[in-house]
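Each chain gets a letter, A, B and so on, in the order its sequence line appears, and its residues count up from 1. These numbers were taken from a predicted model, which means no experiment stands behind them.
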Amino acid sequence: MTDEMPPQRYTVALANEIEHRWQDWWDEHHVFDTPNRTGLLAGDPRHVAERPSLFVLDMFPYPSGVGLHVGHPLGYIATDVYARFQRMNGRNVLHAMGYDAFGLPAEQYAVQTGTHPRVTTEQNIATMKRQLRALGLGHDPRRGPATTDPSYYRWTQWIFLQIYNSWYDTRADRARPISELIPELQSGRFPTPDGVPFDDLGALEQRRLVDSFRLAYVAEAPVNWCPGLGTVLANEEVTGDGRSERGNFPVYRRPLEQWMLRITAYADRLLDDLDQLDWSESIKLMQRNWIGRSTGATVKFPVEGHADVAIEVFTTRQDTLFGATYMVLAPEHPLVDVITANEWPGDEIVNDWGSNAIDAWKGIFGMSDPPPVAVRRYREFATAKTDLERQVVAREKTGVFTGAFAINPTNGARIPIFVADYVLMGYGTGAIMAVPAHDERDFEFAREFELPIVPVIRPSDEWLAQNVVSPTDATDWRESFVGDGVAQSSANSEVSLDGLRVDDAKRVITEWLEAKGLGRATVTYKLRDWLFSRQRYWGEPFPIAYDEDGPVALPDTELPVLLPDVTEFEPVTSDDPDALPEPPLARAVDWVEVSLDLGGPSWAGYGKGARTFLREVNTMPQWAGSCWYYLRYLDPTNENALVNPAVERAWAAGERGDGSPKVGLVDLYVGGVEHAVLHLLYARFWHKVLHDLGHVSTPEPFQRLVNQGYILAAAYMDERGMYVEASEVEERDGGFFHEGEPVEREFGKMGKSLKNAVAPDDIYREYGADTLRLYEMFMGPLDKERPWSTADIVGVHRFLQRLWRNLVDESTGALRVVDAPADDETRRLLHRTIAAVRDDMESMSFNTAIARLFELNNHLTALDAISREVAEPLVLMVAPLAPHIGEELWQRLGHADTLAYEPFPVADASLLVEETVEVPVQVAGKVRARVQVAAGADAAAHETAARSDPRIRELLAGRTVREVKVVPGRIVNFVLA
RNA sequence: GCGAGCGUGGCGGAAUUGGCAGACGCGCCGGGUUUAGGUCCCGGUCCUUCACGGGGUGAGGGUUCGAGUCCCUCCGCUCGCACCA
């Protein structure tokens, strides 16, 4: 079979031999060791440390036990190509890969098999390193920490302490050390309990007061509690039907005391600073929506018969206040019990049908119950609904009247107060004023409950005409009017909005509310503080201990707080929803109890001499380690600091593409869109805290973000609806079969669940790593999803084979390259290719760069010998994409050192200009001929050339040319009359 | 429902941003090398037509000398959010 094969053909055997040899060579010669300008990693034998820096980063991978499939390295290859290109372009490039190795999968596997998660994690990291090394990625091997290394999580804990020991100064709009809060408290800037001066407070009161300012705090908050897993879960770990993603156990919302991080203090900056980042608009929008800032006003509504109670609502439409005809409290609202009447009011409120509307308000569970019973039943009904039911039942409005009335503060109207689950306790104040004329949800509810609808904004004429209704009487309205318009029926003896447009009306009414002490301008956010503790073993321990009064921070000298080496790391699980979390670390009794002499100020809970504390037994969530890993890449071996500030500044200095200074440390960040909100928001938050405290110099972590598309692959489902192993499916007669049975094909994200994963190892074995790299880059634009097709790989493999054959004689192995100059046509093609490839590499359009290289290479196959002036630039251009064959050919061309630092070819501009250009000629908009004109010729010359073309002359004969449009070098168009 | 993005050959995808639609690759067709298959090499390949020509970028309309590209309406797909006051 192989006896016919030329001995020096670029087969997979030769490719693999070349690849392994160069991977070893790179390691031995430290080719990708990136020097820092100063500090521990400052050695610089290649003299590149002073070059402009470029930090290229991949999202931190989790070392999974099942190994990689070919979808995983797509982004890693892209960053490697870009990093190699920029390194050849004169940049000092930092590119490294660490491991996000804490987390639930290793712990679950440990529970199933009894293997300690550290063992599994180390094995998985080794497997992943082997698979990634085989791709030829040019990472600095010294800069790849794992979050599970104590030398790494020591600094995760240190950052937590920085956050804990900080408060947010809203006046300076930044976080400051907690020690700087004390003078502020002493000066009386912040109110103290009962107005007692801070220094006169007891130690515990001081401590409680200071704790209430910290950016990390313990609070009771409703969380996703999963007794089946024995831990609380993040929202993203819970499926749409309220079960755990792993294990499919029920998840319950219940209040538990947990660590929270005060990310809400940064809401405005997290929102506003997005403008300075080079991220896709869709990702920015997702973050904006998640933060969910809305500006409006809070307004107090007095409650009839309760002189001391007012219901505070948040609204973005304070201009419609005169149209508020009822109020709604969320079922969980604490005032519900306070204001609910004992009996239904005796009022007659006549509805449109002439009957008493109150009868319709008494709820869905029977009209004989008094308000307290009706309200209790409704609350039970509302809380029993799962999230799924709330979605499916969608917008069907339910609720119940409390029997109580509030007073609209603008016009004194008595308005009924309802409880309804369309108002959420978690947003705003958990209560709303309802303006059914100008709010869709309120309108639906008002129709359902026969409530009055009072238009206070005159709708646009267009809307009125379309709906054929009155602007002032909503009886016939089929929907609310939510657009801009002019206020009407909105005046009392002190203020009038009538005639004002929405924005002006908002301003006027807000001023009036503030003057009367009834309300004020307010901004609210959807963003909630970040629940930061988990009941897991395999995570970072908190650097926190407790005395009888609460949490106390451990000093830096106690770091790292090592994860105790237990034998039972499984959480306590249960079927009982009322079971309480029992973190696995609670069982490490010897570790939990710790004797410390903390010393220090009483407000920090210290200062009591040596005594016994109990350690925090929760661990941090997996996000903790991934919030700051990119900073550790800068200075991974530093034992005295998270990162040497001088090193950090050197990497942070730099410019964006447009020459403006960058605000984000990392120049290019590539990863999956699944982290659009959580990881990217958390990391930005931590970075900003570290920036405020002076530990990093930029306000943002990631300047430019690119989301690579998923790799899709055909998946096959049998008649039972089960996925079958895609690699075992055969196609025949236009159908697909698995073990003889017909199966249905679909396309989906490559992975274990669809049984359609393709292992990179199989591709190396069949084609080699350079071919895999090239194929993944050639499939399509980086940010688009693309279907994997193993059959298509031969195309790029043939390219490498042809490239090899163009430069190396397949039978003798001799170089086919000559020193004679290239012919003119080849030289011009080369320089056009260089110009195009350079542009494409800059914009990461690798698929088109590869197409250009194909064209040049195909041109060369027709030549008897290849000139060195073409061969060398070609090899250098291929090298970032296919570095092993690049290095091998470079060496065979007579170079002793790596090409990784060779300058990327630069096109000779004079060779890009053709002497003549072919210009299409249109008659009446249709291309009828092409003519040659001199490059740079003017419009008249174009027209003359076009008119002298015989075909054009024929077509124009006897016709009147009304106009001739000429775009020199591009087109000539004769416009006929 | 709201928001964002995308619809180009049999398939993956190009098109300097309003100027020659289909680069490049797969597949397919034909030929060569080979005992044969595979590999490899050469040529062809949007549809229609013998050809000249005509048609063609999800559908329909518009702007323009000129539209894959801009605008409007609709259809389809993907993603995100989902009672956020």
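- The glycosidic torsion of B:rU49 lies more than 90° away from 0, which places this base in the anti conformation.
- Residue contacts for A:T316: at a heavy-atom cut-off of 4.0 Å it reaches the sugar-phosphate backbone alone, with no base atom in range.
- For A:Y775 and A:F778, the ring centers sit 6.0 Å or farther from each other.
- Taking for each of A:F854 and A:M425 the nucleotide of RNA chain B with the nearest heavy atom, the 5'-most of the two is the partner of A:F854.
- Across B:rU78, B:rA15, B:rG19, the shortest atom-to-atom separation from the side chain of A:E785 is found for B:rU78.
- For B:rG30, the O4'-C1' to base torsion is more than 90° from 0; the nucleotide is therefore anti.
- Per the geometry, CD belonging to A:E332 stands 13 Å off P belonging to B:rC83, to the nearest Å.
- Taking side-chain N and O atoms only, A:R798 has a distance below 4.0 Å to OP1 or OP2 of B:rC26.
- Nucleotides B:rC42 and B:rU33 have their P atoms positioned 15 Å apart, rounded to a whole Å.
- Remark: P of B:rC81 and OH of A:Y427 are 17 Å apart, rounded to the nearest angstrom.
- Taking only side-chain atoms of A:L285, from C-beta outward, the nucleotide of B:rC26, B:rG3, B:rA15 with the closest atom is B:rG3.
- Aromatic ring orientation, A:Y10 versus A:W804: tilted (interplanar angle from 30° to 60°).
- For the pair A:E312 and A:R520, the salt-bridge criterion is met [side-chain N within less than 4.0 Å of a carboxylate O].
- When side chains are defined from C-beta on, A:M425 does not count as touching A:L329, because their heavy atoms never get closer than 4.5 Å.
- Centroid-to-centroid, the aromatic rings of A:F445 and A:F418 come within less than 6.0 Å.
- Look at A:N847 and you won't find any side-chain N or O under 4.0 angstrom from OP1 or OP2 of B:rG12.
- Going from atom CG of A:L856 over to atom C1' of B:rA23 covers 15 Å, rounded to whole Å.
- Distance noted for atom C1' between B:rC70 and B:rG19: 14 Å (whole Å).
- A salt bridge links A:E281 with A:R288; the closest basic N to acidic carboxylate O contact falls under 4.0 Å.
- Base engagement by A:I432 is indicated by at least one non-hydrogen atom pair under 4.0 Å involving a base atom.
- Across the P atoms, B:rC83 and B:rC2 are found 15 Å apart, a figure rounded to whole Å.
- For A:S294, a side-chain nitrogen or oxygen approaches OP1 or OP2 of B:rA85 to under 4.0 Å.
- Within the structure, every side-chain polar atom (N or O) of A:R852 is placed at least 4.0 Å from both OP1 and OP2 of B:rA14.
- Under 4.0 angstrom from either OP1 or OP2 of B:rG25 there lies at least one side-chain N or O belonging to A:N858.
- Backbone-only contact: A:Q801 has heavy atoms under 4.0 Å from sugar-phosphate atoms and none from a base.
- At a threshold of 4.5 Å between non-hydrogen side-chain atoms, the residues A:L705 and A:I283 count as touching.
- In this structure, CG of A:L774 is placed 14 Å from C1' of B:rC26, rounded to the nearest angstrom.
- Look at the P atom in both B:rC65 and B:rG10: the space between them is 34 Å, to the nearest Å.
- Looking at A:R293 and A:D268, a side-chain N of the basic residue comes within less than 4.0 Å of a carboxylate O on the acidic one, giving a salt bridge.
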In B/S/- notation (B base, S sugar-phosphate only, - none; protein heavy atoms under 4.0 Å), nucleotides 65-73 of chain B written 5' to 3' is BS-------
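- Nucleic acid contact for A:R745: none, since no nucleic acid atom lies under 4.0 Å from a heavy atom of the residue.
- B:rG13 atom P lies 14 Å from atom CD of A:E776, rounded to whole Å.
- Nearest heavy atom pair, residue A:F449 against residue A:K397, reads CE1-O, 4.1 Å.
- Screening A:R816, A:R805, A:R802 for a salt bridge (charged side-chain N to carboxylate O under 4.0 Å, His left out) with A:E810, the sole residue that qualifies is A:R805.
- Nucleotides B:rA82 and B:rU17 are separated by 36 Å at their C1' atoms, to the nearest Å.
- Distance check on atom C1': B:rC40 versus B:rC77 gives 41 Å, rounded to whole Å.
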For RNA chain B, the expected dot-bracket line (Watson-Crick or G-U under 3.5 Å, [ ] crossing, | inter-strand) is (((((((..(((......[....)))((((((.......))))))(((....)))..(((((..]....))))))))))))....
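- Across all strands, A:E810 comes closer than 4.0 Å to no nucleic acid atom at all (heavy-atom distances).
- Heavy-atom nearest nucleotides on RNA chain B were determined for A:R317 and for A:A851, and the one closer to the 5' end corresponds to A:A851.
- Distance noted for atom C1' between B:rG22 and B:rU57: 9 Å (whole Å).
- When distances are taken from the side chain of A:E855 to each of B:rG13, B:rG80, B:rA23, the shortest belongs to B:rA23.
- Counting to the nearest Å, the C1' atom of B:rU16 and the CD1 atom of A:I834 are 18 Å from each other.
- Rounded to whole Å, the distance from CZ on A:R802 to P on B:rG25 is 7 Å.
- Side-chain atoms of A:K397 come within donor-acceptor range of the base of B:rC83, with a qualifying N/O pair under 3.5 Å.
- Straight-line distance between the C1' atoms of B:rC29 and B:rG9: roughly 16 Å, to the nearest whole Å.
- Contacts of A:R832 with the nucleic acid, taken as non-hydrogen atoms under 4.0 Å apart, are absent.
- Atom-to-atom, NZ of A:K784 to P of B:rC11 comes out at 18 Å; the value is rounded to the nearest Å.
- Closest to the A:R805 side chain, of the nucleotides B:rU78, B:rC41, B:rC42, is B:rC41.
- When each of B:rG12, B:rG19, B:rA85 is scored by its nearest atom to the side-chain atoms of A:F778, the top-ranked nucleotide is B:rG12.
- Within 4.0 Å of A:S280, counting heavy atoms only, lies no atom of the nucleic acid at all.
- Put simply, the side chain of A:T315 does not reach to within 4.5 Å of the side chain of A:I432, judged on heavy atoms.
- Side-chain contact between A:D949 and A:V921: absent, with no pair of heavy atoms (C-beta onward) separated by less than 4.5 Å.
- Under 4.0 angstrom from either OP1 or OP2 of B:rG25 there lies no side-chain N or O belonging to A:R786.
- Residue-level contact check: A:R293 touches neither bases nor backbone, having no heavy atom under 4.0 Å from any strand.
- The NE2 atom of A:H831 sits 5.0 Å away from the CG atom of A:L911 when rounded to the nearest 0.5 Å.
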